[in-house]
Structure formats: C-alpha cells, structure tokens
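Below is one structure, written out as structure tokens; the observations come after it.
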Amino acid sequence: MLVEGSIEARVSHEVDRWLQWLPRWRPGTHRARVRLCQKCFGSPILAAAGLDIDVPHPVQHAFSMRMKAIIDGAVDDYTARNLPMLHREIRLAEERKARRGYRAGEGLDPEFRGLELDPEPVPDQPFLFTLTGLEADAAAAAAEPAPRPFTPDEKEALREEVRLADEFAKQLGRRICIELAQHRRRIGNAVERLVEPQVAELLADLDRELDAPGFI
C-alpha cells in the first residue's frame, strides 16, 4: 500500500504545476479536431476537478495527463513489488521500444503527452509523411523475433496480475477524485481568471469577422 498522505501530497503538487503552466496556455488557431479525446471524454477526474464542462480540451488534457502520471507511477511501483510476471513483460516491452530508432512521442512535456501526433487528414490532400508513419517504419526496421508463447497456466496467471493492476489503478483514481474536491475552488478560480477571458476574446473576434462587410 502507498504511504498515507503521499497521494494527497502528489495531487496537490501536480495541481500546483498545472496552475503554473496555465498562464502560458493560448487558444489554438488551427482547425479543431473532430475526434474526441478518449483520455478526457467522460473522465471522472476532470469531473472531480470541475473541468469537464465548458473548458477547452488542451486545458483539460494538460490536467488529466498530470493526474494520469500519478496513477501510472503508483501502478508501476505496485507492479514491480507485487506482480512479477506483469512487471517482467512490461520491462521487456520497454526494452524493445528503447531499441527503436525513433519514437515520436518521447520526451514530451506532460501537457502534450497522449495527444495525437499528426493532424487529421484532409480529403485529396495527402501528407508527404506523418510522425506516426515514421514511428511505424522505425518499429518495423527494429522488428525482433516474437517472444516465447505463454503456457495456459502462464496466461491465466498474467490475466490475474493484469486484473490486480487494473483494480489498484481504479482504487487510486477514486482516491484522486476525492482529493481533487479540496482543490476545485482554486482550479475554478484559475480557469475563470486565465482561460475564460481568452475564450471570450476569441468569440468576440469571430463575431467581428462575421459582422465585417463583405463576409459571405
């Protein structure tokens, strides 16, 4: 089990880091995506923080990735100490990734992790190349022999370890949601002060463009 108070301290720290990043956020001027972000849409963590409604996705995503990092780190620690088969498979998978020549999403700041690497395609306007394609090419070039298949007993044991890791992550997510209730006021105040005026200005600019003479 985690040391009591460590999750509370980590949540507070990551909220602080997000609040430090928020003044640097600016509304995007590029074409918005159509696809929903699976990491943010319907997230109970964003709901617990009060960021689930009328908040730009980049602001939401930056917050959810910081909370996800808390969960991932704790689950990694739990797995290393309690789930030897799963820990071994994760370690081997990371070693295989490390041998690739190119990983497009490596080294990104938390605010940008988990975002799609390439813009959505436009009909009849093919890309010369994509970051996802370059990463796939690097993975294919570093292809390695398939690992030894698991025995039925090993498969069952690994499934049980995956279940335990998932349950631990869910429990931790619930603890984070409870803790975020203590931070809702300062999160909401920061959004009201730093985000909402920029969104209002963007909408005002759009209204001025629509009202401009000659707009069709």
Side-chain angles (χ1 to χ4, degrees), residues 1-78 105 107-120 165-211:
M1 294 298 294
L2 294 162
V3 177
E4 188 64 30
S6 63
I7 288 300
E8 289 76 8
R10 185 70 187 276
V11 168
S12 181
H13 175 72
E14 292 301 332
V15 171
D16 289 343
R17 296 288 300 277
W18 178 80
L19 290 172
Q20 292 167 7
W21 166 83
L22 195 59
R24 301 197 301 271
W25 175 78
R26 296 292 182 271
T29 56
H30 57 280
R31 183 170 57 92
R33 286 184 177 276
V34 176
R35 291 192 293 267
L36 294 173
C37 176
Q38 298 302 312
K39 295 178 175 62
C40 296
F41 182 70
S43 165
I45 284 178
L46 292 176
L51 293 171
D52 56 324
I53 299 175
D54 295 333
V55 177
H57 175 250
V59 174
Q60 295 177 323
H61 192 87
F63 188 89
S64 64
M65 287 299 98
R66 287 196 172 277
M67 297 303 114
K68 182 179 182 296
I70 298 174
I71 297 174
D72 289 348
V75 171
D76 287 346
D77 181 66
Y78 174 79
L108 295 177
D109 290 337
E111 291 79 18
F112 305 105
R113 293 172 192 164
L115 293 173
E116 295 184 52
L117 298 173
D118 299 295
E120 292 180 1
D166 286 344
E167 182 59 31
F168 181 81
K170 290 176 183 177
Q171 292 177 4
L172 189 56
R174 288 191 285 268
R175 284 184 63 185
I176 289 175
C177 287
I178 293 171
E179 180 61 22
L180 284 174
Q182 311 299 320
H183 300 275
R184 280 181 69 111
R185 181 181 296 276
R186 64 187 186 123
I187 290 170
N189 288 341
V191 170
E192 182 179 359
R193 181 169 52 89
L194 298 169
V195 175
E196 291 180 3
Q198 296 193 66
V199 174
E201 180 61 26
L202 193 65
L203 293 175
D205 286 343
L206 179 60
D207 285 341
R208 286 191 289 269
E209 289 181 10
L210 293 176
D211 292 336

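Only heavy atoms go into these numbers, but all of them, side chains included; no hydrogens, no water, no symmetry mates. Note that this is a predicted model, so its numbers are computed, not measured.
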Solution key, residues 178-185 side-chain donor-acceptor pairs under 3.5 Å, sequence neighbours excluded:
residue	atom	partner	partner atom	Å
His183	ND1	Arg186	NE	3.2
His183	ND1	Arg186	NH2	3.1
Arg184	NH1	Ala47	O	3.0
Arg184	NH1	Ala48	O	3.2

Please tabulate, one pair per line, all N/O donor-acceptor pairs under 3.5 Å involving side-chain atoms of residues 63-76, not counting sequence neighbours.
residue	atom	partner	partner atom	Å
Ser64	OG	Gln60	O	3.4
Ser64	OG	His61	O	3.1
Arg66	NE	Glu111	OE2	3.2
Arg66	NH1	Glu14	OE1	2.8
Arg66	NH2	Glu111	OE2	2.8
Lys68	NZ	Asp72	OD2	2.7

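For the atom pair CG of Leu46 and CD1 of Ile53, the computed distance is 11.0 Å after rounding to the nearest 0.5 Å. Summarising the geometry, atom CG belonging to Leu172 is positioned 10.0 Å from atom SG belonging to Cys177; distances are rounded to the nearest 0.5 Å. The distance from atom NZ of Lys170 to atom CD of Glu167, rounded to the nearest 0.5 Å, is 6.0 Å.
When the side chain to side chain contact (heavy atoms under 4.5 Å, CB included) test is applied to Pro56, the partners found at least two apart in sequence or on another chain are Trp25, Pro58, Val59, Val195, Val199.
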